[in-house]
K.L.:
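Shown below is the structure under consideration.
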Amino acid sequence: MSGERYNPREMEPRWQKVWADRQSFVTRNDDPREPYYVLEMFPYPSGRIHMGHVRNYTLGDVVARFQRAKGKNVLHPMGWDAFGLPAENAALERKLNPGAWTRQNIAAMKKQLQSMGLSIDWTREISTCEPDYYRHQQSMFIDMLEAGLITRKKSKVNWDPVDMTVLANEQVIDGRGWRSGVPVEQRELTQWFFKISEYAEDLLSALDGLTEWPDKVRTMQRNWIGKSEGLRLRFELVDSPLHASNIEVFTTRPDTIFGASFIALSPDHPLTTALAADNPALSEFVAECRRMGTATQAIETAEKRGYKTPLMVKHPAVEGAVLPVYVANFVLMDYGTGAIFGCPAHDQRDLDFARKYDLAVKPVVLPPGADAASFAVDDIAYTDTGTIFHSGFLDGLSIEDAKKAAAAHFAARSVDGQPQGQIEVNYRLRDWGLSRQRYWGAPIPMIHCEVCGTIPVPKKDLPVVLPEDVSFDKPGNALDHHPSWKHVQCPQCGAPAQRETDTMDTFVDSSWYFARFTAPHADTPTIPAIANRWLPVDQYIGGVEHAILHLLYSRFFTRAMKATGHVGLEEPFKGMFTQGMVTHETYKSEDGRWLSPEEVRFETLEGQRQAFEIGSDSLVRIGPVEKISKSKRNGTDPDDILKVYGADAARWFILSDSPPERDVEWTEAGVEGASRFQQRIWRLVSDTVELTARSAGTARMAADAEATALRKIVHRAVHNVAADIDGLRFNRAVAQIYELTNALIRSAGLVTASPGARLAALEEGVTCLVQLIAPMMPHLAETCWSVLGKHELVADVLWPAVDPALLVDDEVTLPIQINGKRRSEITVAKGLPSAEVEQRVLSLDEIIRILDGKAAKKIVVVPDRIVNVVV
RNA sequence: GCGGGCGUGGUGGAAUGGUAGACACACCGGACUUAAAAUCCGGAGGGAGUAUUCCCGUGCGGGUUCGAGUCCCGCCGCCCGCACCA
């Protein structure tokens with residue numbers, strides 16, 4: 001037996017079948033054990049899994065299998081984020097039916113995932129493109145609409161005038177449609193919105209409670225929500241044309257009001273629009289600003305430009321002073337009030353603008369230590385701390401105090417019957433527009449009736465099923481073009497009416513799938529009691545690219561589901577983990593073609609690794625390690641790797657090489673190493689079984705020192721590996737397992753001489769080793785487990801119990817430092833009093849020699865850790 | 001510009017303020033073999049020395065400490081996110 005190699009290709013499908021037949025990973029909601037929910041972000045069914053998926057699902061599977069071994073009732077489901085643009089593109093480019101294309105991809109990817117040996121409960125599989133799923137989403141949409149969480153308003157979209165379609169921002173390249181190549185227009189459409197902005201404060205403050213999330217993600221969300229506290233300030237117009245008598249601005253720097261030298265309006269401000277109506281020059285300026293607006297990258301470098309209007313406002317704090325009103329290209333309509341006051345001395349943009357249009361630059365914040373008489377601002381605005389000066393009643397105050405004083409001052413005055421200044425909190429976060437003028441998405445369950453208005457589809461008529469007999473011959477939304485689908489009778493008055501043909505943003509689909517998994521076959525969106533028992537997800541794992549939108553939307557949606565009675569909690573994900581990317585070397589031929597790893601072979605010549613193109617044998621340039629991408633062709637197909645090395649080797653390698661939050665470089669050598677390690681374990685297990693068989697009947701002797709030493713190593717490894725898996729430090733867990741394996745192999749070589757206690761310790765160690773590798777290399781572990789003569793599955797066995805007595809040593813080896821440099825060491829009984837340690841150290845021959853008669857000034861003894869002699 | 005992170009051998013990376021480089025990959029040497037693969041044993045941060053051993057070493061410069069990769073201050077470099085947000 002020991003001569004045979006372990007054959008993953010044969011064993012892996014076999015165990016996958018055993019797990020499936022025994023329903024090993026089917027999770028019951030009424031299982032009394034403590035629940036544990038681990039979830040990886042579900043994939044978009046593009047057709048094939050990639051290395052990022054392999055990493056993501058391996059990480060999750062280790063957690064799932066480990067928690068199962070710890071006795072938890074583990075929920076580890078999988079589904080498909082199945083709506084989205086690529087299906088429509090496939091329809092356009094290859095004349096495929098989006099639904100058929102998607103379902104075929106799902107089938108292929110499911111097979112691939114299953115070949116990875118993931119411990120997934122496939123009975124809970126869901127796919128967002130099936131009416132079974134989205135009918136509940138439609139029903140919740142109606143609930144949320146009725147609860148006032150959804151609104152309908154006009155909003156700008158990118159419109160491709162040739163394809164007659166709305167484009168996502170990433171489909172706009174240099175201001176042009178990605179397919180048509182024509183300039184994109186901004187169009188106003190009436191669209192549905194989730195009122196996420198009403199939850200801005202809650203979503204922000206609750207971040208503090210998400211202690212098991214990466215700081216990076218929390219910070220990104222915080223910035224995205226973008227809270228800023230300031231003052232809404234009203235400036236009286238000198239003349240009041242056009243029904244307006246004042247201009248409202250938002251500022252976070254009311255302390256600098258005495259430095260104000262102009263007012264700037266957004267090109268989209270209502271007052272601008274009114275002024276432009278009979279002013280062609282202004283309306284041309286506005287149009288120009290809009291054209292700039294689409295080319296997002298140009299914004300950073302765009303010059304500050306303005307148009308001076310005939311309007312003037314009164315300075316709110318300086319009697320008799322007036323300020324000019326400009327329309328400026330850098331003022332955003334959808335933040336604050338769409339108007340600002342410019343204080344050039346203390347804001348870089350305002351300064352750039354003021355220099356261009358020759359406006360006053362009056363410093364009002366004096367830097368510490370600067371001279372009030374001579375301090376001036378040149379080309380760099382002063383934005384640091386200081387003392388307010390040249391500012392009337394604010395003089396001498398700190399910035400913070402001046403902000404408060406200004407707020408109080410303006411609150412007490414009134415303009416047009418309203419306070420001149422009001423404290424206001426603004427958020428960058430805007431409402432979540434969920435309408436997509438797209439076919440392949442969940443239909444929004446609304447009906448437009450000329451008589452009754454826009455009304456929800458009655459719940460009894462749900463789902464509003466997406467028709468799959470569609471044609472993509474015409475540009476635009478295929479759903480809108482369907483000959484019959486949108487024509488319905490109004491459910492209220494019976495008159496002919498039209499369905500809403502917009503579909504929901506796919507982010508809606510992914511904002512609640514984690515809740516659906518808890519009761520995937522229920523005929524309501526959730527069964528609240530069950531959802532509440534499973535949620536929040538204990539450990540959610542995915543890429544950092546979803547750090548903002550998906551996670552924020554899910555956090556909002558969970559709150560909305562709570563408000564509508566579908567769950568009883570607000571935060572969906574207790575633990576969040578963002579994995580790093582999978583990278584690979586890049587290869588380029590001499591004539592500049594990217595080569596895939598399969599097209600390259602390597603040789604080591606005089607210690608130098610060189611690459612050659614297979615076939616032509618011409619030299620290949622080995623390029624930098626980069627994220628795996630199609631364009632650079634530096635990816636390996638997971639299928640090929642699984643076929644050659646097996647799932648376990650791939651899993652093991654991807655866990656072993658880097659901490660999971662960092663990028664990992666996929667290397668052939670690395671996965672080969674994993675494969676070799678697999679064989680070492682297999683040999684160790686086989687040898688142990690053989691030793692046991694040969695020594696049958698030999699009397700067991702009492703434990704000797706050797707046996708105890710081995711047992712200590714084993715128990716320590718069990719303890720440490722558990723702690724490392726718990727902390728998601730898989731690379732360290734792997735290192736621990738390597739050390740244990742090395743120790744066991746060494747000891748297996750010694751056992752032959754004297755069986756008995758040592759063999760028993762070896763057997764215990766090997767049994768534990770198999771259990772330790774089980775979460776990571778589950779197929780190999782099952783094979784070893786059965787060879788060890790166990791009858792149950794290792795997947796069903798509890799994590800080995802650690803004997804605490806074996807974790808402590810009765811002796812410790814302390815390093816001895818002289819002046820902080822390690823010079824020697826001493827082995828003493830654990831817990832030996834410091835005074836005694838000190839005495840023994842000083843009487844060591846070696847220490848006496850090094851000290852060479854010099855007296856120790858001080859001796860630091862850190863019990864059971866280290867000794868430092870200071871001379 | 002703002003925010004976050006990271007700098008340790010040839011490489012990926014270990015290291016509650018306490019022996020820097022665990023473990024692995026790659027490499028080198030040896031054993032086995034007709035040979036290769038596989039496997040096993042051994043070596044290895046840099047420098048000096050036959051050697052016991054000594055000196056230097058965690059991006060750079062300071063500081064705190066008996067003791068700093070780790071903490072503090074100031075730089076340099078790289079990566080990521082957001083960005084005309086008033």
Side-chain angles (χ1 to χ4, degrees), chain A residues 5 214-220 222-224 226-228 230-231 249-253 256 264 266 292-293 296 299-304 328-332 334-343 346-350 352-353 383 426-429 544-545 547-548 580-581 604 607-609 625 652-653 656-659 661-665 667-674 676-677 679-680 683 729 731-742 745 749 813-825 846 849 856-862 864-871:
Chain A
R5 289 174 64 75
D215 286 341
K216 179 189 172 125
V217 173
R218 291 199 286 171
T219 306
M220 284 165 75
R222 226 169 258 133
N223 293 343
W224 189 259
K227 180 179 185 174
S228 64
L231 200 64
V249 308
F250 175 71
T251 178
T252 54
R253 295 296 303 272
T256 63
S266 162
M292 282 299 290
T296 43
I299 285 176
E300 184 188 350
T301 46
E303 202 185 345
K304 308 281 173 276
N329 63 347
F330 65 93
V331 181
L332 307 173
D334 44 14
Y335 186 79
T337 62
I340 61 159
F341 82 75
C343 176
H346 306 291
D347 183 291
Q348 191 60 46
R349 289 158 307 171
D350 296 349
D352 295 344
F353 191 82
T383 53
N426 262 300
Y427 299 90
R428 212 180 69 102
L429 182 67
V544 72
E545 66 273 17
I548 299 179
M581 295 183 302
T604 305
Q608 279 281 315
R609 184 162 158 272
V625 174
W652 181 257
F653 170 64
S656 67
D657 219 42
S658 296
E661 68 278 11
R662 288 201 216 164
D663 290 353
V664 64
E665 185 193 346
T667 63
E668 291 284 303
V671 72
E672 274 166 21
R676 278 201 297 275
F677 181 61
Q679 299 298 343
R680 287 184 81 200
R683 222 163 27 242
R729 296 180 296 265
N731 58 320
R732 281 187 13 177
V734 164
Q736 299 274 359
I737 291 172
Y738 270 115
E739 283 184 82
L740 173 63
T741 307
N742 292 341
I745 288 174
T813 300
L814 308 178
I816 302 171
Q817 297 181 331
I818 310 286
N819 287 340
K821 289 194 180 190
R822 183 186 175 279
R823 284 295 127 111
S824 182
E825 61 182 36
E846 203 177 356
R849 182 180 61 79
K857 274 190 216 148
K858 184 176 172 185
I859 300 177
V860 180
V861 179
V862 183
D864 300 335
R865 286 227 75 122
I866 201 165
V867 180
N868 192 8
V869 182
V870 187
V871 291

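So that the names make sense, note that chain A is the first sequence line, chain B the second, and so on, each numbered from 1. The structure displayed is predicted, hence computed values, not measured ones.
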K.L.:
Does a side-chain N or O from A:Ser656 land closer than 4.0 Å to OP1 or OP2 of B:C25, or not?
P.N.:
no
K.L.:
What residues, two or more places apart in sequence or in another chain, satisfy side chain to side chain contact (heavy atoms under 4.5 Å, CB included) together with A:Leu231?
P.N.:
A:Leu233, A:Thr251, A:Pro254, A:Ala407, A:Phe410, A:Ile423
K.L.:
Rounding to the closest angstrom, what is the interatomic distance between B:U16 and B:G7 at atom P?
P.N.:
14 Å
K.L.:
NA contact type, A:Val544, heavy-atom cut-off 4.0 Å: base, sugar-phosphate, or nothing?
P.N.:
nothing
K.L.:
Output one line per pair: protein atom, nucleotide atom from nucleotides 39-42 of chain B, and distance, for all N/O pairs under 3.5 Å.
P.N.:
residue: B:U39; atom: O3'; partner: A:Arg683; partner atom: NH2; Å: 3.2
residue: B:C40; atom: OP1; partner: A:Arg683; partner atom: NH2; Å: 3.3

K.L.:
Salt bridge between A:Asp352 and A:Arg349, side-chain N to carboxylate O under 4.0 Å?
P.N.:
no
K.L.:
Considering only the P atoms, how many Å lie between B:G18 and B:G67, rounded to the nearest integer?
P.N.:
15 Å
K.L.:
In whole Å, what separates the C1' atom of B:G13 from that of B:G3?
P.N.:
28 Å
K.L.:
Okay, side chain of A:Asn426, backbone of A:Ser228: is any donor-acceptor separation there less than 3.5 Å?
P.N.:
no
K.L.:
Roughly, in whole Å, what's the span from CH2 in A:Trp652 to P in B:C25?
P.N.:
11 Å
K.L.:
Are any protein N/O atoms closer than 3.5 Å to N/O atoms in nucleotides 2-5 of chain B? If there are, list each pair with its distance.
P.N.:
none

K.L.:
CD1 of A:Ile816 versus C1' of B:G67: gap in Å, rounded?
P.N.:
15 Å
K.L.:
In this structure, how many angstroms lie between the C1' atom of B:A26 and the CD atom of A:Glu665, rounded?
P.N.:
12 Å
K.L.:
On a whole-Å scale, what distance lies between the P atoms belonging to B:A31 and B:A24?
P.N.:
24 Å
K.L.:
Using a heavy-atom cut-off of 4.0 Å across all strands, would you classify A:Gln817 as base, sugar-phosphate, or nothing?
P.N.:
base
K.L.:
Categorize A:Val870 for me: base, sugar-phosphate, or nothing, with a 4.0 angstrom heavy-atom threshold over every strand shown.
P.N.:
sugar-phosphate
K.L.:
Which is true for A:Asn742 with a 4.0 Å heavy-atom rule: it touches a base, it touches only sugar-phosphate, or it touches nothing?
P.N.:
sugar-phosphate
K.L.:
Using side chain to side chain contact (heavy atoms under 4.5 Å, CB included) as the criterion, list what pairs up with A:Glu846, not counting sequence neighbours.
P.N.:
A:Ser824, A:Arg849, A:Ile850
K.L.:
Let me know the distance between CZ of A:Arg218 and P of B:C80, rounded to the nearest Å.
P.N.:
24 Å
K.L.:
My understanding is that only residues two or more places apart in sequence, or in another chain, count here; which of them pass salt bridge (charged side-chain N to carboxylate O under 4.0 Å, His left out) with A:Arg428?
P.N.:
none
K.L.:
Name all residues meeting the ring-ring contact (aromatic ring centres under 6.0 Å, His included) criterion together with A:Phe330; count only those two or more places apart in sequence or in a different chain, and write none if there are none.
P.N.:
A:Phe353
K.L.:
Using the P atom in both, what is the distance from B:A44 to B:U53, to the nearest Å?
P.N.:
14 Å
K.L.:
Spell out, as yes or no, whether a donor-acceptor pair under 3.5 Å connects the side chain of A:Asp347 to the backbone of A:Gly342.
P.N.:
no
K.L.:
Is A:Ile866 close to A:Gln817 at the side-chain level, that is, under 4.5 Å between some pair of heavy atoms?
P.N.:
yes
K.L.:
Kindly write out the residues that satisfy side-chain hydrogen bond (donor to acceptor under 3.5 Å, both in side chains) with A:Asn223, not counting sequence neighbours, or none if the list is empty.
P.N.:
none
K.L.:
Using a 4.0 Å heavy-atom cut-off across all strands, classify A:Tyr738 as base, sugar-phosphate, or nothing.
P.N.:
sugar-phosphate
K.L.:
Considering only the P atoms, how many Å lie between B:G59 and B:C6, rounded to the nearest integer?
P.N.:
13 Å
K.L.:
Tell me, please, which residues at least two apart from A:Glu661 pass side chain to side chain contact (heavy atoms under 4.5 Å, CB included).
P.N.:
A:Phe577, A:Pro659
K.L.:
How would you label the glycosidic angle of B:G63: syn (within 90° of 0) or anti?
P.N.:
anti
K.L.:
Rounding to an integer number of angstrom, what distance separates B:G9 and B:U70 when you compare their P atoms?
P.N.:
15 Å
K.L.:
Write down the distance separating the C1' atoms in B:U50 and B:G17, rounded off to the nearest Å.
P.N.:
40 Å
K.L.:
Find which nucleotide of RNA chain B each of A:Gly820 and A:Pro815 is nearest to by heavy atoms, and output the residue with the more 5' nucleotide.
P.N.:
A:Pro815
K.L.:
Need one value for A:Arg222: base, sugar-phosphate or nothing, where a base atom within 4.0 Å counts as base even if backbone is also close, heavy atoms only.
P.N.:
nothing
K.L.:
Looking at the base of B:U19, is there any donor atom on it, or on the side chain of A:Arg823, that sits under 3.5 Å from an acceptor on the other one?
P.N.:
no
K.L.:
Once salt bridge (charged side-chain N to carboxylate O under 4.0 Å, His left out) is applied, do any residues pair with A:Asp334, and if so which ones, sequence neighbours excluded?
P.N.:
A:Arg430
K.L.:
Is any side-chain nitrogen or oxygen of A:Asn731 closer than 4.0 Å to OP1 or OP2 of B:A14?
P.N.:
yes
K.L.:
Name the closest nucleotide to the A:Arg428 side chain, picking from B:C66, B:U19, B:C85.
P.N.:
B:C85
K.L.:
Hey, does the side chain of A:Ser266 reach the backbone of A:Leu332 with a donor-acceptor pair shorter than 3.5 angstrom?
P.N.:
no
K.L.:
Which is true for A:Lys821 with a 4.0 Å heavy-atom rule: it touches a base, it touches only sugar-phosphate, or it touches nothing?
P.N.:
sugar-phosphate
K.L.:
Show me the dot-bracket string of RNA chain B, counting Watson-Crick or G-U pairs under 3.5 Å, with | for pairs to another strand and [ ] for crossing ones.
P.N.:
(((((((..(((.....[....))).(((((.......))))).((((....))))..(((((..]....))))))))))))....
K.L.:
List the residues meeting salt bridge (charged side-chain N to carboxylate O under 4.0 Å, His left out) with A:Glu825, not counting sequence neighbours, and say none if there are none.
P.N.:
A:Arg822
K.L.:
For A:Gln736 and B:A24, give me the distance from atom CD to atom P, rounded to whole Å.
P.N.:
12 Å
K.L.:
Please list, chain by chain and in numerical order, all residues satisfying side chain to side chain contact (heavy atoms under 4.5 Å, CB included) with A:Ile745, sequence neighbours excluded.
P.N.:
A:Arg680, A:Leu684, A:Thr741
K.L.:
Quick check: any donor-acceptor pair below 3.5 Å linking the side-chain of A:Lys857 to the base of B:C66?
P.N.:
no
